[in-house]
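Along the sequence shown, residues are numbered consecutively beginning with 1.
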Amino acid sequence: MDIVLILSPYLIIFVLIPLIIVFSIKTTKRRNRENFKQRYGYTPEAYEQIKKQKELLDLGILTQEEFEEKKKQLLNI
C-alpha cells in the first residue's frame, strides 16, 4: 500500500501527463489536417506532392501533360 502511494505521483508525472500531451498533439494535428482539407479541398500531403511535381516540371524532368495528370490524381479530380 505504501509503495503505491509513493509511486502514484511518479506515475502521474512520468506516465499519465506525457500520455495526455501526446494524445492532445495527435488530436490537434488531425483537426488541423481536417480543417485544411475542408478549406482547400485537398490534404497538406497532396499540396506538398504538387509542389514537388511543379519543381520537376520547372526543371524540365516532367512535361506539362505529366504534371497535369499527376496533379489531377493528387487532387482526386
Side-chain angles (χ1 to χ4, degrees):
M1 186 75 169
D2 292 334
I3 294 175
V4 173
L5 292 176
I6 293 171
L7 291 178
S8 184
Y10 294 106
L11 179 70
I12 292 170
I13 292 170
F14 295 110
V15 176
L16 294 178
I17 291 176
L19 285 174
I20 292 168
I21 291 170
V22 167
F23 177 76
S24 175
I25 290 170
K26 286 184 178 183
T27 303
T28 301
K29 284 183 177 181
R30 188 185 80 243
R31 196 174 304 131
N32 287 345
R33 186 174 186 274
E34 290 170 358
N35 288 343
F36 186 95
K37 186 173 183 179
Q38 192 174 43
R39 180 180 221 174
Y40 298 108
Y42 51 88
T43 63
E45 293 83 8
Y47 173 76
E48 291 299 321
Q49 285 294 321
I50 292 169
K51 275 179 41 177
K52 288 178 185 177
Q53 297 297 319
K54 177 65 172 140
E55 289 173 8
L56 294 174
L57 174 66
D58 293 342
L59 292 172
I61 297 171
L62 288 179
T63 64
Q64 184 67 36
E65 292 81 22
E66 291 171 326
F67 171 74
E68 291 298 328
E69 182 180 323
K70 185 66 174 174
K71 182 176 161 186
K72 286 180 184 178
Q73 180 186 13
L74 289 167
L75 296 176
N76 296 321
I77 297 175

Taking only residues two or more places apart in sequence or in another chain, which ones pass side chain to side chain contact (heavy atoms under 4.5 Å, CB included) with E45? R33, T43
The remaining residues in the hydrophobic cluster of L59, counting side-chain heavy-atom contacts under 4.5 Å among Ile, Leu, Val, Met, Phe, Trp and Tyr, are L56, I61, L62
Examine the side chains of Q73 and E69 and answer whether a donor and an acceptor come within less than 3.5 Å of each other. no
CG of N35 to OG1 of T28: how many Å apart, nearest 0.5 Å? 10.5 Å
When rounded to the nearest 0.5 angstrom, what distance separates NZ in K37 from OH in Y42? 12.5 Å
Separation between CG (N32) and CZ (R39), nearest 0.5 Å, reads 11.5 Å
For residues 11-30, pull every pair meeting salt bridge (Lys or Arg N to Asp or Glu O under 4.0 Å), keeping only residues two or more places apart or in separate chains. R30-E34
Assigning hydrophobic clusters by single linkage (Ile, Leu, Val, Met, Phe, Trp, Tyr; side-chain heavy-atom cutoff under 4.5 Å), is I25 placed with I17? yes
State plainly whether one hydrophobic cluster holds both L16 and I21, where clusters connect Ile, Leu, Val, Met, Phe, Trp and Tyr through side-chain heavy atoms under 4.5 angstrom apart. yes
Let me confirm one number: the CD-CG distance from Q53 to D58, rounded to the nearest 0.5 Å. 11.5 Å
How long is the straight-line distance from OG1 of T63 back to CD of E68, given to the nearest 0.5 Å? 9.5 Å
From K51 atom NZ to Y47 atom OH, the distance as rounded to the nearest 0.5 Å: 4.5 Å
Within 6.0 Å of CD in Q64, more than 12 heavy atoms from elsewhere: yes
